[in-house]
Trainee: 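Once you've had a glance at the structure underneath, I'll fire off some questions.
A, B, ... follow the sequence lines: proteins, then strands. Residue 1 opens every chain.
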Amino acid sequence: MTTLFDPDHTPARQVPSAVPIILDGAAPRDRESPLLEGLNPQQREAVLYRGPALLIIAGAGSGKTSVLTRRIASLLESREAWPSQILAITFTNKAAAEMRERVRAILGQGADGMWISTFHSSCVRILRREAESAGLSATFSIYDSADTKVTLKRIIKALDADTLGFTPGNASAKISKLKNELADADSYARNANMSDPQEVMFVEIFRQYTHRLRAANALDFDDLIGETVYLFRAFPKVAALYRRRFRHILVDEYQDTNHAQYSLVRELTRPVEPDLAEEMEATGVHVRNLRDASGGIPGASLTVVGDSDQSIYAFRGADTRNISEFERDFPGTRVILLEQNYRSTQNILSAANAVIGHNFDRTDKKLWSAGGDGEKIVGYTAYSGHDEAQFVSDEIEVLHRAGMAYRDMAVFYRTNAQTRALEEILVRSAVPYRVVGGTKFYERAEIKDALAYLIAVANPNDELALRRILNTPKRGIGPATETALASFAEANQISFRQSMRDCASLGLGPKVTGAILKLATLLDEAALKLDPENPAGTANVSELLTFLLDGSGLLSLLRGSRDPQDEARAENIEELVAQTKDFNKENPDSGLVDFLTQVSLVAAADDLDDASGTVSLMTLHTAKGLEYEAVFLTGVEEGLLPHQMSANEPGGPAEERRLFYVGITRARQRLYLSLAMTRAQFGDINVAMPSRYLQEIPVDLIDWKQSPGMANSRGGTQPRALNARRDGFGGGFAGRGDPQALPPAPKKKTEWASRVPSQVRDNGDLTLMQGDRIRHVDFGDGRVNQVTGDGTKRIAHVQFDTAGAKKLLIKIAPIEKL
DNA sequence: TCGTAGACTATGGTA
DNA sequence: TAGTCTACGA
């Protein structure tokens with residue numbers, strides 16, 4: 001570990017701090033700083049370059065995290081910057097934690113005081129500090145998407161807007177999109193076509209939504225960014241404080257920034273005007289050594305790292321133009337390309353390059369590795385989702401027996417719904433696994449209930465939280481009473497909370513009135529435990545939570561319940577209590593609001609625990625930024641990858657291709673691509689076709705295995721693809737039987753058309769009856785016991801002579817009637 | 001007001 | 001299929 005204070009160390013610090021060092025490429029240096037050890041020339045330059053703006057185009061696995069952390073370390077070590085002058089922004093808390101950890105590993109204590117956090121947490125921090133200017137109370141609530149939807153649902157119901165086709169889902173999507181463009185209800189209304197009743201209604205929904213959030217002293221996720229930008233624009237003095245403070249701003253995953261985030265970066269890197277600097281100096285803000293010849297403070301130096309090929313968040317407003325136009329936006333930008341990959345084998349990279357090469361309108365970039373070809377990619381066409389899961393599970397065991405740790409393996413999928421089959425099989429095969437993301441702890445109903453109690457204490461104006469706990473646990477307060485309280489509050493211009501306190505004047509029944517008053521008193525008493533000097537609360541969070549749980553009976557009622565699920569719910573709440581205790585221990589100076597903030601901002605990728613010895617299951621989106629020795633990319637089918645819904649979106653299929661690319665490039669040594677010919681969905685079974693992207697991978701990179709599940713051992717030497725056609729195309733299940741059922745020749749002749757089934761088998765109107773004997777390609781002969789379903793969904797329940805009982809989709813199963 | 005049965009709808013990804 | 005919502009009766 002290098003220390004900041006060792007005088008005989010680090011040549012870089014001999015450079016006077018005020019003079020930027022500008023080095024070109026692989027400038028030879030007399031003495032090597034340990035910071036540069038093992039870096040290639042481009043990486044070195046990325047660490048050492050000094051200037052107003054630096055754009056690092058970092059291909060997958062090119063060591064960008066290492067470069068970023070060393071760059072930060074180099075700035076600190078050379079004393080060019082104090083830790084407090086550095087703002088590093090990542091997209092997930094996990095990435096932030098990792099970066100902080102790595103800088104700390106290099107610099108030790110010298111790293112304390114930096115802001116390394118996500119866009120959202122940085123903004124919350126700023127907004128809580130400047131709440132007054134922003135017109136908020138510092139204890140504002142943060143609404144997650146579920147909260148947003150509940151709020152919108154009430155608005156839509158009140159406005160009868162569902163008749164115009166509005167749902168909480170589509171309204172929140174539209175509002176979110178607008179907020180990402182920094183539009184608000186008024187600016188939208190100015191450009192809206194007000195002769196369209198739907199538009200008029202939307203404007204009204206948007207207005208009311210904005211109004212309700214204001215009244216509740218709450219911000220949604222998109223507001224966190226947008227409000228910070230508004231704050232900076234409306235209050236130049238506030239902005240100047242942060243512009244002065246952050247001299248070096250570094251942004252990771254820049255390709256996924258949306259317009260609001262771009263604007264935030266823009267605002268933060270603007271120079272401070274001379275008169276403002278003067279004013280700051282006069283009021284005792286230390287600015288002298290920051291001012292330039294004009295008397296102002298020059299804009300912060302900006303470093304962004306990104307890869308447009310990994311942009312997978314266009315659906316939430318990410319705009320790769322932020323990267324492609326970066327040089328125009330920030331004149332004097334230095335661009336550095338990192339193309340050498342230190343993660344994957346060349347085979348994996350060649351596949352990745354081939355796939356992404358099909359996206360037009362991109363800067364060509366070829367990843368390469370010095371690490372050798374490695375194993376071939378393994379392809380597998382399964383009969384069903386379960387069959388696919390079985391393959392994954394079996395291969396995991398093979399790898400494990402060969403010495404690979406479970407934690408070095410991951411299974412990716414496009415949609416969360418795909419986890420079901422995988423989990424079923426993994427449980428059955430006793431493979432230790434964990435689902436990253438999925439139903440998150442903090443999204444569980446009982447946890448949201450418990451948190452709503454805390455939120456109601458922290459932010460008494462939060463009507464949403466109050467209404468959530470009003471009748472949880474059951475205390476006989478029904479929807480009628482809830483509405484009465486709400487309209488009473490509305491009519492008297494008081495808060496919902498106050499109307500609860502005043503409910504005696506509502507003329508409700510004595511039982512109900514008593515229940516409401518009891519809850520109101522409980523919350524008021526809890527609020528007294530907060531430090532009145534510091535409403536953000538240094539009160540002990542776990543004590544507060546325990547008090548609320550005891551007072552409301554939430555936990556004890558769950559414990560006493562006969563419903564077995566309630567036991568799990570009680571355990572979850574106890575887990576939450578344990579978390580508050582940990583929080584108190586780790587953050588003795590933080591209070592209730594800090595806890596709630598942390599809880600609101602945890603993301604799917606954050607609860608990854610690499611140390612646990614389990615296989616990780618996650619969506620392709622969650623996988624970004626991670627890497628594993630072995631990767632199973634499942635469900636590589638049309639309709640899934642690319643996803644059905646992307647078809648109608650401009651740029652949809654290209655974005656899905658990038659998603660596939662991201663998945664491929666997570667693998668270090670082994671990559672498995674699998675697909676199923678049928679997939680269960682909505683309780684139905686649907687026929688699936690291989691993904692178009694599979695054909696983009698050169699055929700000699702993939703070793704297609706036979707479809708298993710089947711009878712004997714896997715790994716038979718005769719892949720299905722071979723007993724089909726010999727022309728190298730249309731393998732899999734096509735091609736058995738009637739030659740007319742063969743797939744058409746490939747439409748597009750690429751030099752590496754993959755041997756991928758492009759069309760599934762179709763048995764047409766083959767009718768089977770109970771008692772029929774059939775022959776299956778893999779299972780052999782068997783007897784039909786039962787036929788269920790109808791039309792194309794008919795399923796034969798077959799007892800095979802040697803393979804046991806199976807269910808087959810008659811339309812496409814490789815069977816013939818005997 | 002609560003509990004239940006039946007109807008209905010959803011599963012693209014997320015801070 | 002499974003989870004959520006609605007209507008109805010108690």
Trainee: Going by side chain to side chain contact (heavy atoms under 4.5 Å, CB included), name the residues that satisfy it together with Ala484(A), two or more places apart in sequence or in a different chain.
Mentor: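 So Ala484(A) forms no side chain to side chain contact (heavy atoms under 4.5 Å, CB included) with any residue.
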Trainee: Who are the side chain to side chain contact (heavy atoms under 4.5 Å, CB included) partners of Glu181(A), not counting sequence neighbours?
Mentor: His259(A)
Trainee: Show each protein N/O and nucleotides 7-10 of chain C N/O combination with a separation under 3.5 Å, one pair to a line.
Mentor:
none

Trainee: Of the residues in residues 308-320 of chain A, which ones touch DNA chain B at a heavy-atom distance under 4.0 Å?
Mentor: Tyr313(A), Phe315(A), Arg316(A)
Trainee: DNA chain B: Gly652(A) or Phe221(A), which has the more 5' nearest nucleotide?
Mentor: Gly652(A)
Trainee: Which of the following nucleotides, dG3(B), dT1(B), dA2(C), is nearest to the side chain of Thr481(A)?
Mentor: dT1(B)
Trainee: What's Ala480(A) touching, base or sugar-phosphate or nothing? Going by heavy atoms closer than 4.0 Å.
Mentor: sugar-phosphate
Trainee: Under the side chain to side chain contact (heavy atoms under 4.5 Å, CB included) rule, collect the residues that match up with Phe315(A), sequence neighbours excluded.
Mentor: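 Phe315(A) satisfies side chain to side chain contact (heavy atoms under 4.5 Å, CB included) with Tyr313(A), His621(A), Glu655(A) once adjacent residues are dropped.
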Trainee: Start with the C-alpha distance between Asp594(A) and Arg128(A), add both sets of side-chain angles, then the distance that settles salt bridge (charged side-chain N to carboxylate O under 4.0 Å, His left out), and finish with yes or no.
Mentor: CA-CA 10 Å; Asp594(A) 299 299; Arg128(A) 292 218 194 273; 5.8 Å; no
Trainee: Give Lys153(A) one of three labels, base, sugar-phosphate or nothing, depending on what nucleic acid heavy atoms sit under 4.0 Å from its own.
Mentor: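 If one applies the 4.0 Å heavy-atom cut-off, Lys153(A) turns out to touch the sugar-phosphate alone, with no base involved.
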Trainee: Can you tell me which nucleotide in dA15(B), dA2(C), dG13(B) comes closest to the side chain of Arg420(A)?
Mentor: dA2(C)
Trainee: Side chain of Arg414(A), heavy atoms from C-beta onward: which of dG3(B), dG13(B), dT11(B) has the nearest atom to it?
Mentor: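 Of dG3(B), dG13(B), dT11(B), dG13(B) is nearest to the side chain of Arg414(A).
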Trainee: Between Tyr143(A) and Ser141(A), is the side-chain contact (heavy atoms from CB on, under 4.5 Å) condition met? List the steps.
Mentor: CA-CA 6 Å; Tyr143(A) 278 12; Ser141(A) 303; 4.2 Å; yes
Trainee: Each nucleotide N or O in nucleotides 4-9 of chain B that has a protein N or O under 3.5 Å away: list the pair and distance.
Mentor:
none

Trainee: Of the candidate nucleotides dG13(B), dA15(B), dC2(B), which contains the atom at the shortest distance from the side chain of Thr118(A)?
Mentor: dA15(B)
Trainee: To the side chain of Asp222(A), which of dA15(B), dC2(B), dT14(B) is closest?
Mentor: dA15(B)
Trainee: Can you check whether Leu182(A)'s main-chain N or O pairs, donor with acceptor, with Tyr230(A)'s side chain at less than 3.5 Å?
Mentor: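 Yes.
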Trainee: I want to confirm an ordering. Mapping Ser646(A) and Lys474(A) to their closest nucleotides on DNA chain B, which one lands closer to the 5' end?
Mentor: Lys474(A)
Trainee: Does Phe119(A) have its ring centroid less than 6.0 Å away from the ring centroid of Phe91(A)?
Mentor: yes
Trainee: Within the structure shown, what part of the strands sits under 4.0 Å from Glu656(A) by heavy-atom distance: base, sugar-phosphate, or nothing?
Mentor: base
Trainee: Assess the residue pair Leu152(A) and Ile205(A) against the criterion (side-chain contact (heavy atoms from CB on, under 4.5 Å)); give the C-alpha distance rounded to whole Å, side-chain angles, the decisive distance to 0.1 Å, and a yes or no.
Mentor: CA-CA 8 Å; Leu152(A) 281 167; Ile205(A) 292 172; 3.6 Å; yes
